[in-house]
2 protein chains.
Amino acid sequence: MKKFIPILKRTQMFSGVGENEIESMLSCLDARLCEFSKGEYIIRQGEYLNDIIVLADGNLHIQKDDYWGNRSILGQISAGEMFGEAYVAPNSGTALNDVVATEKSTVIFFDVKRILTTCSSACRFHSMVVQNLFFAISEKNRKLVQKLDHMSKRSTREKLISYLSEEAKKQSSSHFTITFNRQQLADFLSVDRSAMSNELCKMRDEGLIEFKKNSFKLF
Amino acid sequence: MKKFIPILKRTQMFSGVGENEIESMLSCLDARLCEFSKGEYIIRQGEYLNDIIVLADGNLHIQKDDYWGNRSILGQISAGEMFGEAYVAPNSGTALNDVVATEKSTVIFFDVKRILTTCSSACRFHSMVVQNLFFAISEKNRKLVQKLDHMSKRSTREKLISYLSEEAKKQSSSHFTITFNRQQLADFLSVDRSAMSNELCKMRDEGLIEFKKNSFKLF
DNA sequence: ACAAATCGGTTGTATTTACAACGAAAGGTG
DNA sequence: CACCTTTCGTTGTAAATACAACCGATTTGT
């Protein structure tokens, strides 16, 4: 567990908290470390959740499969990010999505109750973590709104432009790489893979974009 | 302002806080009351926001119009609900959507900084409000995920079923009314109004639903 | 190095949706 | 009551999308 303290230090949740404080907090917050290999489920839709979870290393997808096997990807979590925050409230019910490791991943569970209940003097930075968490959830909120934003686009092309523009902005460059493969991107944007593939090629032929594998360039 | 204290008492933000405490908090939190008539904008996309806003009375739409006038409705706020929570974090940027009154509405602005900065002893319940806010944001988060859920449906029919089922569940009855008119519902589900109207009638003819104006019944 | 699996692009067809235009019904106003 | 506006359903056509199937290239596992 100790070796993840430098990683935790750089997460939004522990922003502004020193390594020593983090170490003392780990037991106070009932931190439990778990490893998952590619394809394993961290959370399954319908489960009750009592933890805020930080991804120390790896990559996760928040997704949902319907009865017919159609997959819908809500988003992805990369190292340092947190999830499970939508279930901290009492009576928030069960998880609406699965969370799956897309590669070997290490996650740390924190008991929600312990986070929200301020504890003994050993945790002077406890309230700072709560505030960090507060901002993190608020930011997550914004991200969901942004996703809704490009989900509300009608055509595959508009969704692609909306998504790719956001990525370009996020990575501060018109030349960037994405972490989805084609099928995953299609599941993320809720479109048909082949139709999307088709549209991407049309856009390339029209000179709007260039791409090679997961590397894209906008014009 | 005073006459809204009983209303505030029933909001999630002030849950568990007595009327006297609310009254003393109002000045502490720099509460400002504003009235808006139908069609007026409470927030415009691109504005900076420094307040958490509670809707005391009326109804609001969170929406966005693109360059060509296509409207997309993200959600609606009804009396007692709160909004603006996605912008509490520092550096959260400007508002991503407009907020518009769909009827005569009364809203109360609370300064975010004052909410998060614990104040003098006069506000013993201050930390409870912060925790309430915390849960409220988390819950909002869930709602956004749910909306993404039916936005990720491919066809108009599936979106309608997803939305109508949720409403039935929310109102605990297969017979319920919605607060959107047809155009608004279409803007909410990101589909064409006439196509949606068409689909609704088909579903009725197939015996899946019944409806009359804004009153629906599922079978 | 080979076999198997995965991934990405392409094509044709059936289905679905968007768009524009129209008319009837309901509601509001002078 | 006449007039105007809003709302909702309907229709036909053009456009976009889903679906299934196929193939070549790349990657993975042994």
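Quick caveat: nothing in here was measured; it's all calculated off a predicted structure. Heavy atoms only: backbone and side chains are in, while hydrogens, waters and symmetry mates are out.
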* Output, in order, the C-alpha distance, side-chain angles, deciding distance and verdict of side-chain contact (heavy atoms from CB on, under 4.5 Å) for B/Lys64 and B/Leu74. => CA-CA 8 Å; B/Lys64 200 172 194 172; B/Leu74 185 71; over 6 Å; no
* Any chance you could lay out the salt bridge (Lys or Arg N to Asp or Glu O under 4.0 Å) test for A/Glu199 and A/Lys159, step after step, and finish with the verdict? => CA-CA 11 Å; A/Glu199 198 62 37; A/Lys159 286 182 187 176; over 6 Å; no
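Taking the ring axis of A/Phe188 as reference, the NZ or CZ atom of A/Lys147 stays within 45° of it and closer than 6.0 Å to the ring centre.
Regarding B/Asn214, its CG atom lies at a distance of 14 Å from the C1' atom of C/dG27, rounded to whole Å. A straight line from NZ of B/Lys153 to P of C/dT17 spans 14 Å, rounded to a whole angstrom. A straight line from CG of B/Asp187 to P of D/dT7 spans 11 Å, rounded to a whole angstrom. Note: CZ (A/Arg71) to C1' (C/dC7) measures 15 Å, nearest angstrom. One can place CG of A/Asn181 at 18 Å from P of C/dA5, the figure rounded to the nearest angstrom. One interatomic measurement links the two molecules: CG of A/Leu160 to C1' of C/dG9, which rounds to 15 Å at whole-angstrom precision. One interatomic measurement links the two molecules: CZ of A/Arg182 to P of C/dC7, which rounds to 12 Å at whole-angstrom precision. Straight-line distance from the CG atom of A/Asp205 to the P atom of C/dG9: 11 Å, rounded to whole Å.
Axis orientation changes by 60° from one end of the helix from C/dA1-D/dT30 to C/dG30-D/dC1 to the other, with each end axis drawn from 5 pairs and the value rounded to 10°.
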Using a cut-off of under 3.5 Å, enumerate the N/O to N/O pairs linking the protein to nucleotides 16-22 of chain D.
| residue | atom | partner | partner atom | Å |
| --- | --- | --- | --- | --- |
| D/dT17 | OP1 | A/Thr156 | N | 2.5 |
| D/dA18 | OP2 | A/Asp192 | N | 3.1 |
| D/dC19 | N4 | A/Ser194 | OG | 3.4 |
| D/dA20 | N6 | A/Ser194 | OG | 3.4 |

Close N/O contacts between protein and nucleotides 25-30 of chain D (under 3.5 Å):
| residue | atom | partner | partner atom | Å |
| --- | --- | --- | --- | --- |
| D/dT27 | OP1 | A/Lys213 | NZ | 2.8 |

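Side-chain contact between A/Leu96 and B/Asp149 is absent, with no heavy-atom pair separated by less than 4.5 Å. Between A/Leu189 and A/Thr156, every side-chain heavy-atom pair lies at or beyond the 4.5 Å cut-off. Counting heavy atoms from C-beta on, the side chains of B/Thr179 and B/Glu103 never come closer than 4.5 Å.
Nearest approach of A/Ser105 to A/Leu60, heavy atoms of both residues: OG-CD2, 3.7 Å. Contact between A/Ile43 and A/Ala95 at its shortest, heavy atoms only, is CG2-CB, 3.7 Å. Residues B/Gly93 and B/Tyr87 approach most closely at O-CD2, 4.0 Å, considering heavy atoms.
Between B/Tyr163 and B/Phe216, the gap from one ring centroid to the other reaches at least 6.0 Å.
Taking 4.0 angstrom as the limit, B/Asn198 places none of its side-chain polar atoms (N or O) nearer than this to OP1 or OP2 of D/dT10.
Counted by atom type alone, A/Glu139 and A/Gln12 present one or more donor-acceptor pairs between their side chains at under 3.5 Å.
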